[in-house]
Amino acid sequence: MTNAIDIRSATRTFGRTTALDGVSFAVPEGSICGLLGRNGAGKTTIMSIIAGQDRPTSGRVEVLGHGPFENESVLSRISFVRDNQRYPDNYRLGHVLRIAPEFAPNWNADVAAELAEGFRIPTKTDIKKFSRGQLSSVAIILGLASRAAVTLLDEPYLGLDVTARALFHDMLLRDYTAHPRTVLLSTHLIEESEKLFDRVVVVDRGRVRVDSDVDDARDLAFTLSGTTAAVDELARRHTVLRSHTVSGLKSVTVLGAMDDAVRADADGLGARIAPASLQDLVAAFGEESSESIEEGARA
Amino acid sequence: MSAVVSTVRLHLNQRVGTFAVPLYITATVAAFSVLLSLLFWRSGSLPGTAGWIQGSQSNPGIAYGLVGFLVYFGVASVAATFPFALTLGATRRSFVAGTLLWYAITAAYITVVLAVLTAIELATDHWFAGFYIFDVYVLGAGDLLRLVPIVFLGVLTALTVGGVFAASWVRFAARGPQLIAAGAVVVIVAALIIVLPAVGTLVAAFQPWWLAVAAGVVILASSVGSWLLLRPAIVR
């Protein structure tokens, strides 16, 4: 399968701050990939580089087989609206809907109109006065109605109510099914979104921690819970990503697959063992100490 | 080329700002100029006298009224529109080219508006009442052959200067405009130090086309500066 997005050893520094540190991953054409991680993990920087709005300090980025930076033919096939998108002064929804088709060759006005109505976006209010949810709605319209070959959705749920989130899910799946494209979606609402994903990339502190099919990602870690002594004993043989203790009871998320031997040990010590959810995995990598990341990197 | 045209359309998408606001400002300045004339009339000055004409034609209100807005418009055309243009898929190259083209269109539009209003003012013998609003020294004193380059180059200068300040802000945040302003002050003071001993000779030899050349230099420097600043700029 051809990769729509291919990032190799991308590093991005801002002065003394390293936002991305040797990031490598690929997104196959036609897949919906979740880009997950804590605030400041590097998700928006990655998307910004893919969209040609930024350049890596070192490394290589290809979108649809070409470098995106200042590449008009590639940029016309990418849609990226950042979570803190700025709009020209005095812009209203009508301004956006009028100009977006000029840059998006596959723009679909019906999709835009349906979303605008569904989200109940005000038409006579300046965008700069919009609520957080209304701003997200405008970004979703730009992202979905453009039907771009590579659609980057940066925190599309921010501020959206439950009805609006359902509308977004329905519309994304319906339009994606009719007009397949590559979608890279960053979000913190992992449980709500994971049914959309066929791949996930988890980043933390500018590094890729997980890059796999969504089903394989669930096998990357598991959770152990029980008495502190039992859990400590079981966890001794694993890399602990996250640990939580409450009055003699402990729960840990550890790296590795749940095999029969681990199950038997857990049964023997009276501990509970369960596969880590995608949310557990992201939370665990986000909580992992710098030291263990360094150890992991050395290993 | 298509992305350049798209960028022009992106700027023209703000129809009120491009086409209506200059008219509002012109109408407001005209209203104030009329009120001012009435004030002088009531205080004893007579329309049509040499003093009245001299005083009325010295009123630079129309220039002051438009320049502030045009510099702001130049700033907004880059500071607020550049991030959105990149979001839509414009390249930096097409954004800068399209923005310069839009500056020229805006300058031509305002030039036509002021030329038509001046022609009407002259044809009606100053609105049938001796009111000098557009037939003023700063717009060429009723000479359309002087008005056209003055307004076109003046508007283009204001827009490109606003644009380069905004480009420096996009590139370097608050430090950008500060550096440009400091650099401009240094250049102006250095030029004054050099020419001050000969200022009398220069004033005596002054030709209006010097201003056109100066405007051309500022427009060119601002345009090239905008491109150099935006070429590596990123959106955050």
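Remember, it's a predicted structure, so these values are computed and weren't measured experimentally. Each chain gets a letter, A, B and so on, in the order the sequences are listed, and its residues count up from 1.
- With 3.5 Å as the limit, one finds no donor-acceptor pair spanning the side chains of B/S94 and A/E72.
- If you tally non-hydrogen atom pairs under 4.5 Å between each of A/R77, A/R98, A/Q85 and chain B, the highest count goes to A/R98.
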Does the side chain to side chain contact (heavy atoms under 4.5 Å, CB included) test come out yes or no for A/I99 and B/L88, once each step is laid out?
CA-CA 9 Å; A/I99 196 61; B/L88 291 173; 4.1 Å; yes
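- Between B/I234 and A/R55 the shortest side-chain heavy-atom distance does not fall below 4.5 Å.
- Contact annotation: the side chain of B/T87 approaches that of A/Q53 to within less than 4.5 Å [non-hydrogen atoms, C-beta and beyond].
- A/N84 touches chain B through its side chain: at least one heavy atom from C-beta onward sits under 4.5 Å away, while N, CA, C and O do not.
- Closest approach of B/G89 to A/L75, counting heavy atoms only: O-CB, 3.5 Å.
- Proximity of B/R9 to A/F103: side-chain heavy atoms (C-beta onward) are nowhere separated by under 4.5 Å.
- Ranked by heavy-atom pairs shorter than 4.5 Å toward chain B, the options A/F80, A/Y87, A/Y91 are led by A/Y91.
- For B/F73, no part lies under 4.5 angstrom from a heavy atom of chain A.
- A distance of 7.0 Å separates CZ of B/F84 from CD1 of A/I127, quoted to the nearest 0.5 Å.
- Atoms CG and CD, on B/L86 and A/E70 in that order, are 7.5 Å from each other to the nearest 0.5 Å.
- In A/R8, the CZ atom is crowded: over 12 heavy atoms of neighbouring residues, nucleotides or ligands sit closer than 6.0 Å.
- Enclosure of atom CZ in B/F19 by more than 12 non-hydrogen atoms of other residues, nucleotides or ligands within 6.0 angstrom is indicated.
- Residues B/S6 and A/E102 approach most closely at OG-OE2, 3.1 Å, considering heavy atoms.
- Heavy-atom pairs under 4.5 Å with chain A peak, among B/T7, B/L12, B/L10, at B/L10.
- Heavy atoms closer than 4.5 Å to chain B are found in the side chain of A/L142, but not in its backbone.
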